[in-house]
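Below is one structure, written out as structure tokens; comments come after it.
By convention in this document, chain letters (A, B, ...) are assigned in the order of the sequence lines, proteins followed by strands, and residues within each chain are numbered from 1. Everything numeric in this text was worked out from a predicted model, so none of it was measured. Basis for what follows: all heavy atoms, side chains included, without hydrogens, waters or symmetry-related copies.
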Amino acid sequence: MGEAKAIANKLPKAYVPAEFEGAIYDRWLAADVFAPDGAGSRADPSLEPFVIIQPPPNITGALHLGHALTSTLEDAMVRHARMQGHPTLWLPGLDHASIAAQYVLDKLIAAEGESRESLGRERYLERMWQFINTTREVMLGQQRRIGASLDWSRLRFTMDEGSARAVRVSFKRLYDDGLAYRTEALINWCPGCRTSVSDLEVIPTAETGTLWTIRYHLVDPSTGAPDPKAWIGVATTRPETILGDTAVAVHPDDDRYRALVGRKVRIPFVERDVPIIADDVVDRAFGTGAVKITPAHDRDDWATGRRHDLPMITILDDDATINDAGGAYAGLDRYEARARIVADLEARGDLEGSKPHEMLIGRCQRSNDVIEPRLKTQWFIRTGPLAESALRATRGGETTIVPAHFEKVWEGWLTNIHDWNVSRQLWWGHRIPAWYCPDGHTTVSSEIGGPASCDGCGRGAGDLTQDPDIFDTWYSSGLWPFSTLGWPDATDDMRRYYPGAVMETGYDIIFFWVARMMMLGLHLTDAAPFKKVYLHGLVKDPYGKRMSKTKGNVVDPLEAIDSAGADALRFALLNGTSPGNDQKFRSEKLEDARNFANKLWNATRFVLGARPASIAAGDGGALRGAPDAARLGPAERWIQSRAAATVEAVDRAFADDNFGEVARVLYEAIWSEFCDWGLELAKVRLADASLADAYREATWWTLVDALDTYLRLLHPVMPFVTEALWGVLPHSADDPELLVVARWPKSGPRDAAVEATVEELVELVVAIRNARAAADIAPAAWLETHLSVPHGAHAAFETLAPAIERLARARPLALHVRRQDLPRPAGALEVILPAGDYEAIVVAAVDAEGATGDRARLDAELADAERYLLAARERLANDAFTSKAPPAIVERARVREAELAETVARLRARLGA
RNA sequence: GGGCGAUUGGCUCAGUGGUUAGAGCACGCGGUUCACAUCCGCGGGGUCGCUGGUUCGAAUCCAGCAUCGCCCACCA
């Protein structure tokens with residue numbers, strides 16, 4: 001035993017993650033176990049590959065808890081599949097995040113006194129590469145810290161040539177198929193980022209603005225001059241757009257204005273005469289019932305303008321100052337112009353009124369600037385047909401969404417989808433592969449050097465100019481599942497690993513990313529890029545608020561890892577969660593998870609230290625012995641059976657994609673079952689020198705077996721501590737060096753009888769402790785105790801008697817078969833279980849106070865039992881219940897009634913009531 | 001204006017028809033037991049948001065309502 005102790009003592013008394021995590025990750029890398037075709041991979045090639053697709057994180061910055069959750073979930077899935085023998089592919093990557101990256105870099109260079117303009121396109125891009133080369137290592141390092149078992153040999157970046165080629169080829173295909181087109185349309189312009197953004201990047205924000213009512217004077221048809229006494233009042237929240245007005249609209253059925261339709265009004269300041277038109281988009285109840293129409297700067301007005309063929313006058317420059325069309329206001333910032341115009345209207349008596357107005361303002365997701373709708377000629381993807389394919393894939397079950405309720409969200413968005421503006425007036429990203437000739441012909445080319453000549457007129461390349469714009473970042477992200485595997489070439493990786501099995505991400509990017517991957521993937525590869533979409537919830541702060549840098553409530557995953565270990569962070573992020581639901585993250589969860597890792601650590605230390613001297617030492621290198629079935633006691637069989645039950649429960653939880661359940665089941669099984677009862681029951685036999693070696697050996701091998709099973713089951717969630725501990729356990733001959741590629745456990749046979757017996761034992765021990773505590777008996781006091789145990793369980797209790805002595809401080813302990821044989825001296829504690837024949841008497845010299853405590857406890861027990869008995873009797877007296885409920889349920893109720901009746905009788909007798 | 005989700009002990013969450021609704025944290029009492037004080041034992045604490053319905057039986061299924069959160073939506 002001394003030698004085994006020495007081995008155990010080589011492990012620190014508490015688990016210190018920092019001492020193991022880095023070294024273990026390096027061992028995994030050295031063993032080359034992460035790649036499906038790695039040297040250390042023990043994948044079974046006959047099994048279907050498991051490919052998981054992760055959202056490549058933005059290269060711009062540090063990872064937050066959301067990334068940590070993504071990595072944890074995906075790593076758990078991959079490790080589980082890997083242990084099951086599937087070839088697994090989890091491909092690491094980074095996204096160039098054009099608008100986000102430029103936003104960050106612009107701020108950085110601003111601090112150096114530079115700007116986009118001062119550097120110019122080429123030097124700006126050089127600076128960007130320099131910047132991301134520094135962030136890149138940091139970000140990849142963070143993924144390693146959390147234990148992500150990514151195949152680093154396949155690391156990709158959305159700006160590498162593989163992605164660039166996929167972008168060119170795919171766009172050419174879409175263009176040739178009529179799914180990409182260039183047109184002038186109203187787009188969302190962010191004056192801060194100086195680019196257009198997609199509808200998804202415009203965040204509607206509730207704000208209180210002002211609704212001004214303004215007089216537009218009617219033009220006298222005879223004189224052609226505005227009539228100072230006749231006007232129509234229009235309401236607006238953006239007075240500066242007056243400068244771009246080209247009509248006033250009223251509802252066709254509005255009696256107030258019917259006569260005015262067809263007349264003209266004079267727009268102030270620009271002195272333009274525009275028609276009054278009738279259109280039923282106008283809401284008669286709102287404002288004055290007359291609407292000014294600014295087709296070039298408002299989405300509704302644009303549609304109205306198209307219906308009525310109105311001129312569209314752009315009044316804003318790229319930086320949201322008024323342009324030359326604004327006359328005297330040219331050069332002013334939009335809000336300055338607004339203020340001046342309001343003042344000027346008031347001065348000339350044309351401001352009828354103003355009032356506060358609750359409204360939604362579109363703001364830029366990135367810069368928070370107010371978005372201005374503007375006319376621009378840009379590239380669009382025709383999403384209608386693509387969305388239909390995506391819907392077919394989910395409706396037909398080719399791809400399923402977990403949790404299922406997101407299917408409705410998916411349906412709704414794809415059914416009402418608008419065309420996707422993919423042009424960005426930015427520099428960092430993939431240049432749109434479109435060239436224009438002086439005659440206005442467009443040539444789209446997938447060649448890296450561009451087209452040799454114009455498709456329209458044959459002019460040479462020298463006469464062609466490439467579109468200056470780049471693609472929306474999400475365009476290249478949308479190609480990720482196949483661009484990373486070598487598409488458009490028919491590579492081995494494409495054949496083997498496409499389509500993927502699971503696409504895992506947060507529900508917040510279901511439209512940005514998931515839908516686009518589906519649409520592009522289906523069109524370009526004729527297959528849905530993944531079979532399952534797993535959506536996780538968001539990690540919020542303890543008050544349920546979204547974490548953000550500006551709020552200062554972000555938790556840095558690296559700090560969490562430093563303080564509690566990667567395993568603890570991972571466990572904390574999974575424990576108590578369910579798919580698609582948000583979670584509040586608090587430090588207590590992390591502490592609890594850390595304690596759990598430590599518990600596992602110490603349980604293993606105990607087992608190692610308890611190795612019987614008759615088993616040869618081996619410092620972890622010794623081969624595993626099988627527990628000798630003939631020497632197993634009830635405790636050992638119970639441990640085996642519960643381990644088997646845990647395998648079943650964990651398998652079920654994985655099958656249900658319920659990782660919160662995986663964590664919960666293992667926490668409960670390891671802590672509350674294996675440690676609290678399994679180890680405690682086993683201790684006595686392991687320390688009993690009177691037994692033959694073979695018995696102690698059988699017990700020990702049982703513990704090692706169970707521990708081995710638990711470590712395997714827990715490995716997907718807590719890879720580091722399980723790897724560290726598994727390394728010091730004796731292994732079977734066919735086990736690999738490392739747990740990461742060990743086989744997933746198979747569920748063994750269950751032993752219902754022994755499970756039931758130990759359950760009774762637990763109840764009895766708990767009841768005795770409870771009674772002793774209630775009677776104020778010193779916990780350490782050894783007291784003579786008598787148990788009555790039914791005949792069938794007698795042998796098991798006999799075997800476990802020494803353990804029961806320890807657990808219940810019951811010494812001497814006597815077992816009886818019949819309850820009437822129990823001695824009942826005055827002052828003894830009676831412990832009565834409702835389950836029939838189990839009963840305990842603790843013979844103690846209880847003082848008056850203690851006896852009172854015991855009496856109060858028994859009174860309470862009697863009251864409870866009487867209440868339950870009454871309920872049971874009422875249920876059974878109900879004919880509807882006995883005739884309609886399933887017989888098994890009725891039978892159970894009868895048994896229960898009988899038990900309760902007996903308990904009540906015994907308690908009454910004991911209390912003399 | 002539509003849609004989705006949540007509502008269970010002080011807190012964070014499990015629990016999708018069947019005995020007396022669970023866990024962790026927090027709280028109270030006790031503990032120098034040879035794996036672990038990052039621990040061990042015991043305890044208090046919930047009419048499962050509200051109202052109705054289905055059912056022998058509802059936290060669980062249905063309808064309506066309320067509160068909170070989120071998504072979508074062209075009312076100036």
Hey, is A/Y868 stacking on B/U20? Ring centres under 5.5 Å, planes under 30°.
yes
Return the nearest nucleotide to the side chain of A/H418; candidates are B/C74, B/G41, B/U38.
B/C74
Please state the C1' separation for the pair B/C68 and B/G49 - nearest whole angstrom.
11 Å
Name the nucleic acid region contacted by A/A893, choosing base, sugar-phosphate or nothing; use a 4.0 angstrom heavy-atom cut-off, strictly under.
nothing
Map A/W413 and A/G289 onto RNA chain B by nearest heavy atom, then report which one ends up closer to the 5' terminus.
A/W413
In chain order, what residues pass the side-chain contact (heavy atoms from CB on, under 4.5 Å) check against A/V248, with sequence neighbours excluded?
A/Y216, A/I232, A/V234, A/V265, A/I276, A/A290
Check whether any side-chain heavy atom of A/M359 sits under 4.5 Å from a side-chain heavy atom of A/T237, and report yes or no.
yes
Using the P atom as the point on both nucleotides, what is the distance between B/C48 and B/U60, in whole Å?
9 Å
So, do A/I277 and A/V250 sit near enough that their side-chain heavy atoms are less than 4.5 Å apart?
no
Partner nucleotide, any strand, of B/G45 [Watson-Crick/G-U, under 3.5 Å]
none
Do you see a donor-acceptor pair shorter than 3.5 Å between the side chains of A/T294 and A/D245?
yes
Could you tell me whether A/A303 contacts a base, only the sugar-phosphate backbone, or nothing, with contacts defined as non-hydrogen atoms closer than 4.0 Å?
nothing
Just to be sure I understand the rule, does A/W671 reach a base, reach only the sugar-phosphate, or reach nothing, if contact means heavy atoms closer than 4.0 Å?
sugar-phosphate
Any strand, both distances under 3.5 Å, Watson-Crick or G-U wobble: B/A37 pairs with none
Taking the side chain of A/D283 as heavy atoms from C-beta outward, which of B/C72, B/C75, B/U38 is closest to it?
B/C75
Now, which nucleotide makes the Watson-Crick or G-U wobble pair with B/A23, with each of the two distances under 3.5 Å?
B/U12
Counting any heavy atom closer than 4.0 Å, what does A/K292 reach on the DNA or RNA strands: base, sugar-phosphate only, or nothing?
nothing
When rounded to the nearest Å, what value does the distance between C1' atoms of B/A66 and B/A76 take?
33 Å
Complementary nucleotide of B/A63, counting Watson-Crick and G-U pairs under 3.5 Å:
B/U51
Please step through ring-ring contact (aromatic ring centres under 6.0 Å, His included) for the pair A/H357 and A/F286, ending with a clear verdict.
CA-CA 12 Å; A/H357 184 62; A/F286 189 90; 5.6 Å; yes
